[in-house]
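Computation of the quantities below employed the complete heavy-atom set of this structure, encompassing side-chain atoms and omitting hydrogens, waters and symmetry-equivalent molecules.
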Amino acid sequence: MGYSAWRILREAIGGNKGWRAAWRDPDPQPEYDIIIIGGGGHGLATAHYLARDHGPLRIAVLEKGWIGGGSVGRNTTIIRSNYLLAENNPFYELSLKLWEGLEQDVNFNAMVSQRGVLNLNHTDAQRDAQRRRGNAMLLHGVDVELLDTRGVRAMYPWLNFDDGRFPIKGGLLQRRGGTVRHDAVAWGYARAADRRGVDIIQNCAVTGFRIENGAVRGVETTRGFIGARKVGVAVAGNTGRVMAQAGMRLPIESHVLQAFVSEALKPLIDGVITFGAGHFYISQSDKGGLVFGGDIDGYNSYAQRGNLPVVEDVAEGGMALMPAIGRARMVRMWGGVMDMSMDGSPIIDRTAVSGLYLNAGWCYGGFKATPASGYCFAHLLARDAPHPVAKAFRLDRFVRGAVIDEKGAGAQPNLH
Ligand SMILES: Cc1cc2nc3c(=O)[nH]c(=O)nc-3n(C[C@H](O)[C@H](O)[C@H](O)COP(=O)(O)OP(=O)(O)OC[C@H]3O[C@@H](n4cnc5c(N)ncnc54)[C@H](O)[C@@H]3O)c2cc1C
């Protein structure tokens, strides 16, 4: 059943009795060609692109909870491709291009909104770094503009420009960046994959791997053993726990990241703004709530909830940037688990176990990567060769010292 304006009209006239569940609820088959562990954005996107571009294949996505219950439904919805390094930029630009065609591709309204992402700068050194980043983007053919104070003031006159400590000197603007409704991404990919025959099996936690003679044969789950020729792991914040079941330790730490929503206000922010002197980013949802976030909680955890010191830190960042929000009430907050890699860049690679593949290390920037991550992971799973734009995301880079240190912060997950 395709979604269209005609369909909505027909259902409205017929009392909306013709809608069916957006995806099936199948029992697991004894065996598949490919199993994807994790029904988040990355796992579902992988299944979609596998079925669309590499089929026919028998594919299953195994999700321990429900579709969209992980970080794909908990993030602050920002997408962009304003990366500096040559290993990252083409990958994130591919992702942005896939976002631009996503809704037509999966026949689902994901509210892709290219409303612009503005990174503010507050010192001369920051402005120089942004100029360098912007030039790198232009060399990769990616849109970007460097604004001075006047340019920023014209967009957001109510920002705190004359703060003695953090004066706003300008900003790097990517107009094609923006926001996407996060859980609709999970639903859209799930529905599209289901329509191509992928089995999406919820409430099915993977509890172990069956590995014989160095090759994966399938997975143990809470719903019994399921055989597979290949297994792709895309469990984001739970990567450490799941890969430990295959006997692997990874250069990844799991941390909590929180998000916040204010009461609904009249339209105020029509884009995304990030504060350069602290960790704070903000946009406004179509319902009017200010959606904002900050830094990760500074301790390792698999719990999807955070602590109060970060709430205070985020509120301070917000108040320094836009004192006007001091009177808005915060109505909701929540946490998600981040798979923080040591260099802040992802891993899309084979593992030492034949037939076992890994997609991880997304830190708190993995939502924007969802389409390209699924596209490239599907390519790797189907062809056993990395996609050209993801070939640097190898697991052994941490052994070789070839880290992709986008932030220049070194091997410190708390700084990425
Ligand atoms: C508060 C917050 C704000 C963020 N803001 C942004 C942002 O603005 N922009 C951006 O680009 N990124 C952002 N991120 C990061 C982004 O959300 C994540 O990097 C990305 O969603 C991770 O990939 P995923 O969608 O596949 O993860 P998830 O949705 O977490 O999917 C992983 C799935 O694996 C399942 N799973 C785990 N263990 C097992 C098992 N044993 N068996 C079966 N299934 C299992 C989990 O239940 C989960 O559903 C944010 C994250 C948070 C929490």
Quiz item: Counting N and O atoms only, with roles assigned by atom type, does the side chain of Ser71 sit under 3.5 Å from a partner on the main chain of Arg74, one being a donor and the other an acceptor?
Solution: no

Quiz item: Taking it one step at a time, do Leu50 and Ile36 satisfy side chain to side chain contact (heavy atoms under 4.5 Å, CB included)?
Solution: CA-CA 10 Å; Leu50 267 174; Ile36 312 291; 4.0 Å; yes

Quiz item: Taking the six-membered ring for Trp, are the ring centroids of Tyr375 and His387 within less than 6.0 Å of each other?
Solution: yes

Quiz item: Do side-chain atoms of Asp343 reach the backbone of Val403 as a donor and acceptor pair under 3.5 angstrom?
Solution: no

Quiz item: Quick one: does Lys169's side chain get under 4.5 Å of Val152's, heavy atoms only?
Solution: no

Practice problem: Measure across Val310 and Ile296 and return the closest heavy-atom pair with its distance rounded to 0.1 Å. | Solution: CG2-O, 4.1 Å

Quiz item: Glu63 side chain to Asn203 main-chain N or O, any donor-acceptor pair under 3.5 Å?
Solution: no

Practice problem: Could you verify whether a donor N or O on one side chain and an acceptor N or O on the other, from Asn135 and Arg132, lie under 3.5 Å apart? | Solution: no

Quiz item: What do you reckon, are the aromatic ring centroids of Tyr49 and Tyr189 less than 6.0 Å apart?
Solution: yes

Quiz item: Are Phe280 and Phe292 an aromatic pair by the rule of ring centers under 6.0 Å?
Solution: yes

Quiz item: Got a salt bridge between Arg165 and Asp163, using NZ or NE/NH1/NH2 to carboxylate O under 4.0 Å?
Solution: no

Quiz item: Between Ser95 and Ala372, is there a donor-acceptor pair closer than 3.5 Å when you use the side chain of the first and the backbone of the second?
Solution: yes

Exercise. Decide whether Arg133 and Asn119 meet the rule of one side-chain donor and one side-chain acceptor closer than 3.5 Å.
Key: no

Exercise. Would you kindly say whether Asn88 and Glu406 are connected by a side-chain donor-acceptor distance under 3.5 Å?
Key: yes

Exercise. Provide the closest heavy-atom pair for Val72 versus Ala186 in the form atom of the first, atom of the second, distance.
Key: CG1-CB, 4.0 Å

Quiz item: Is there a side-chain contact between Leu358 and Met243, using heavy atoms and a 4.5 Å cut-off?
Solution: yes

Exercise. Look at atom CH2 of Trp66 and say whether more than 12 heavy atoms of other residues, nucleotides or ligands are closer to it than 6.0 Å.
Key: no

Self-check item: Criterion side chain to side chain donor-acceptor pair (under 3.5 Å) on Thr179 and Arg115, from CA distance to verdict
Solution: CA-CA 7 Å; Thr179 58; Arg115 53 181 72 184; 3.2 Å; yes

Exercise. Please work out which of the three classes, parallel, tilted or perpendicular, describes the rings of Tyr3 and Phe108, given edges at 30° and 60°.
Key: tilted

Quiz item: Have Ser262 and Arg329 got a donor and an acceptor in their side chains that come within less than 3.5 Å?
Solution: no

Quiz item: Is Glu100 salt-bridged to Arg176, going by a charged N under 4.0 Å from an acidic O?
Solution: yes

Practice problem: With side chain to side chain donor-acceptor pair (under 3.5 Å) as the test, would you mind laying out the steps for Arg191 and Asn107 before giving the verdict? | Solution: CA-CA 9 Å; Arg191 179 169 166 277; Asn107 181 228; 3.3 Å; yes

Self-check item: Asn89 side chain to Glu93 backbone, donor-acceptor under 3.5 Å
Solution: no

Quiz item: Are any of the side-chain heavy atoms of Asn121 and Ile168 separated by less than 4.5 Å?
Solution: no

Quiz prompt | Donor-acceptor under 3.5 Å (Gln284 side chain, Leu268 main chain) | solution = yes

Quiz item: Would you say Thr76 and Phe367 make side-chain contact, with heavy atoms under 4.5 Å?
Solution: no

Practice problem: Could you grab the distance from atom CZ of Arg153 to atom OG1 of Thr149, nearest 0.5 Å is fine? | Solution: 7.5 Å

Exercise. Take His379 and Asp53, measure what side chain to side chain donor-acceptor pair (under 3.5 Å) needs, and give me the verdict at the end.
Key: CA-CA 9 Å; His379 184 284; Asp53 300 342; over 6 Å; no

Exercise. May I ask you to decide if Arg150's main-chain N or O and Asp148's side chain share a donor-acceptor pair within less than 3.5 Å?
Key: yes

Exercise. Measure the spacing between CG of Leu98 and OG1 of Thr370 and express it to the nearest 0.5 Å.
Key: 11.0 Å

Quiz item: Are Arg332 and Phe260 side-chain neighbours, meaning at least one heavy-atom pair lies under 4.5 Å?
Solution: no

Practice problem: Check whether more than 12 heavy atoms from other residues, nucleotides or ligands sit under 6.0 Å from atom CZ of Arg249, and answer yes or no. | Solution: no

Quiz prompt | Close side-chain approach of Lys64 and Cys204, heavy atoms under 4.5 Å | solution = no

Quiz item: Are Arg397 and Asp349 close enough for a salt bridge, meaning some N to O gap below 4.0 Å?
Solution: no

Quiz item: Is any side-chain heavy atom of Arg350 less than 4.5 Å from a side-chain heavy atom of Leu356?
Solution: no

Quiz item: How long is the gap from CG on Leu118 to OG1 on Thr274, to the nearest 0.5 Å?
Solution: 7.0 Å

Practice problem: Decide if atom CZ of Arg7 counts as having more than 12 heavy atoms of other residues, nucleotides or ligands within a radius under 6.0 Å. | Solution: yes

Quiz item: Can the ring centroids of Phe275 and Phe166 be said to lie less than 6.0 angstrom from one another?
Solution: yes

Quiz prompt | CG on Asp25 to CD1 on Ile200, rounded to 0.5 Å | solution = 10.0 Å

Quiz item: Between the side chains of Asp297 and Gln258, does any donor sit under 3.5 Å from an acceptor?
Solution: yes

Self-check item: Taking every non-hydrogen atom, the tightest pair across Ser254 and Val337
Solution: CB-CG1, 3.7 Å

Quiz item: Under the 3.5 angstrom rule, does the side chain of His122 hit a backbone N or O of Gly276 as a donor-acceptor pair?
Solution: yes

Quiz prompt | Ring centres under 6.0 angstrom apart (His279, Tyr364) | solution = yes

Exercise. Report yes or no: do Ser373 and His42 form a side-chain donor-acceptor pair below 3.5 Å?
Key: yes

Quiz item: Of all heavy-atom pairs between Cys376 and Val389, which one has the smallest distance, and what is that distance?
Solution: SG-CG2, 3.7 Å

Quiz item: Can we call the ring centroids of Tyr92 and Trp99 under 6.0 Å apart?
Solution: no

Quiz item: Is the side chain of Asp33 donor-acceptor paired with the backbone N or O of Arg58 at a distance under 3.5 Å, no angle test?
Solution: yes

Quiz item: Short question: side chain of Thr239, backbone of Asp339 - any donor-acceptor pair under 3.5 Å?
Solution: no

Self-check item: Sole residue of Leu62, Ile59, Asp199 in side-chain contact (heavy atoms from CB on, under 4.5 Å) with Tyr32
Solution: Asp199

Quiz item: Does a salt bridge link Asp194 with Arg24, judged by any charged N lying under 4.0 Å from a carboxylate O?
Solution: yes

Practice problem: Quick one: do Cys363 and Met340 satisfy side chain to side chain contact (heavy atoms under 4.5 Å, CB included)? Show the steps, please. | Solution: CA-CA 4 Å; Cys363 304; Met340 305 297 295; 3.8 Å; yes

Practice problem: Begin from the C-alpha positions of Gln174 and Asp143 and carry the test side chain to side chain donor-acceptor pair (under 3.5 Å) through to its verdict. | Solution: CA-CA 6 Å; Gln174 187 181 25; Asp143 72 300; 3.2 Å; yes

Quiz item: How many angstroms lie between CD in Glu312 and CG in Asn307, if you round to the nearest 0.5 Å?
Solution: 12.5 Å

Quiz item: Do Ile404 and Leu85 touch side chain to side chain, with heavy atoms closer than 4.5 Å?
Solution: yes

Self-check item: Identified side-chain hydrogen bond (donor to acceptor under 3.5 Å, both in side chains) counterpart of Tyr357 within the set Thr351, Asp384, Thr46
Solution: Asp384

Quiz item: Hey, what do you get for CE (Met342) to CG (Leu250), rounding to the nearest 0.5 Å?
Solution: 10.0 Å

